[in-house]
Amino acid sequence: MPREKPKAPYHHGDLKNTLIDVALAHISRDGAGSVSLREVARDAGVSHSAAYRHFANKENLLVAIAEQGFRQLGETLGAAAQAHAGDPARALQATGVAYVEFATSHPEHLQVMFGGSIACPSDYPSLVAAGDETYAALTRTVAEGSKLGQLRSGDDAMIALTCWATVHGLSQLIAGGQIGREAGDASPRSLALAATALVMQGVNAPAAAAKRSAKVKRRRLKQDVL
């Protein structure tokens, strides 16, 4: 009986990112708690020893997913803010909407970033830095808005926290399927626009809010005349 020809070694161009992608698929199907580095390696078509060359254990893999999520979220928020450069109030609402859209389209990342699957995030300085950099983009926008008189002054930290809590909570509710019939057929974007508009009513500086309201009224009157 002829001997079976040994399988050729599996060659992979970017194994680290492939392992992350496979792990995200596992999370989508069974949740972050189900991830096994051995099973991820098997589904990626490599030996578990090959996977261990990139990730020492399951938690290291989850940390890489969380870092990737924070980096991508930071880029998304930065682009949203840049589209309204010079107008921090608009930039703040735009970043809130962008947060919800990113989070609800990347629920697997969201699970790992905020779901408690990493026992002690502070043990991973690069993960802490990625999260801090993303949040710093929000606080900078708030500080700029306060300095220009567009946002209420006196407690930039609380304004930033309130804005984050609103969009993060909304994202979690949407991603978890906990927003049902009361939202009708509303998309994540439309829900985010409505929620952030309400928040902006509270954080806008009174004078800036009045000025913006008058501007909107003038625009509507002009449209009616035309």
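Under a hydrophobic-cluster definition in which Ile, Leu, Val, Met, Phe, Trp and Tyr are linked whenever side-chain heavy atoms come within less than 4.5 Å, directly or via other members, Ile118 and Val128 are assigned to different clusters. Under the 4.5 Å side-chain heavy-atom criterion for ILVMFWY residues, no single connected hydrophobic cluster contains both Val97 and Val199. When hydrophobic clusters are built by joining Ile, Leu, Val, Met, Phe, Trp and Tyr residues whose side-chain heavy atoms come closer than 4.5 Å, directly or via intermediates, Leu151 is not grouped with Leu148.
Annotation: the span from Leu92 atom CG to Arg90 atom CZ amounts to 13.0 Å, rounded to 0.5 Å. Separation of atoms OG (Ser146) and CG (Asp156) is listed at 4.0 Å; rounding is to 0.5 Å. To the nearest 0.5 angstrom, Met200 atom CE is 12.5 Å from Leu193 atom CG. Remark: Asp87 CG to Gln93 CD distance equals 10.5 Å, nearest 0.5 Å. Rounding to the nearest 0.5 Å gives a distance of 4.5 Å between CD1 of Ile174 and CD1 of Ile179. Interatomic distance, Leu191 CG to Glu101 CD, rounded to the nearest 0.5 Å: 11.0 Å.
A donor-acceptor pair is defined here as one N or O able to donate and one able to accept, closer than 3.5 Å; such a pair exists between the side chain of Lys58 and the backbone of Gly33. A donor-acceptor pair under 3.5 Å links the side-chain atoms of Ser171 to the main chain of Val167, judged by distance alone. Proximity of a side-chain donor or acceptor of Thr134 to a complementary backbone N or O of Phe70 within less than 3.5 Å is detected. Ser28 places no side-chain N or O within 3.5 Å of a backbone atom of Leu24 that could act as its donor or acceptor partner. Without hydrogens or angle criteria, Thr139 side chain to Ala136 main chain gives a donor-acceptor distance under 3.5 Å. The backbone N or O of Gly149 lies less than 3.5 Å from no partner atom in the side chain of Ser153, so there is not a single donor-acceptor pair. Side-chain atoms of Arg152 come within 3.5 Å of backbone atoms of Gly202 as a donor-acceptor pair (strictly under, hydrogens ignored).
Summarising the geometry of Val40 relative to Val35, their closest heavy-atom pair is CG2-CG1, 4.2 Å, with the distance given to 0.1 Å. Here the closest non-hydrogen pair linking Leu138 and Ala160 is CD2-O, 3.3 Å. Taking each heavy atom of Ala89 and Gln150 in turn, the nearest pair found is N-OE1, 2.8 Å. Contact between Tyr99 and Leu77 at its shortest, heavy atoms only, is N-CD2, 3.7 Å. Nearest heavy atoms, Ala103 versus Leu110: CB-CD1, 3.8 Å. Between Glu59 and Ala119, the closest heavy-atom pair is OE1-N, 3.1 Å.
Of the candidates Leu127, Leu62, Val112, Leu127 is the only one forming a side-chain contact (heavy atoms from CB on, under 4.5 Å) with Glu67. Of the options Met113, His109, Gln68, His106, a side-chain contact (heavy atoms from CB on, under 4.5 Å) to Leu73 is made by Met113 and by none of the others.
In this model, a donor atom of one side chain and an acceptor atom of the other lie less than 3.5 Å apart for His26 and Asp43.
Looking at His48 and Leu37, their side chains never come closer than 4.5 Å, going by heavy atoms from C-beta outward.
Between Tyr135 and Trp164, the angle of the ring planes goes over 60°, which puts this pair in the perpendicular group of the 30/60° scheme.
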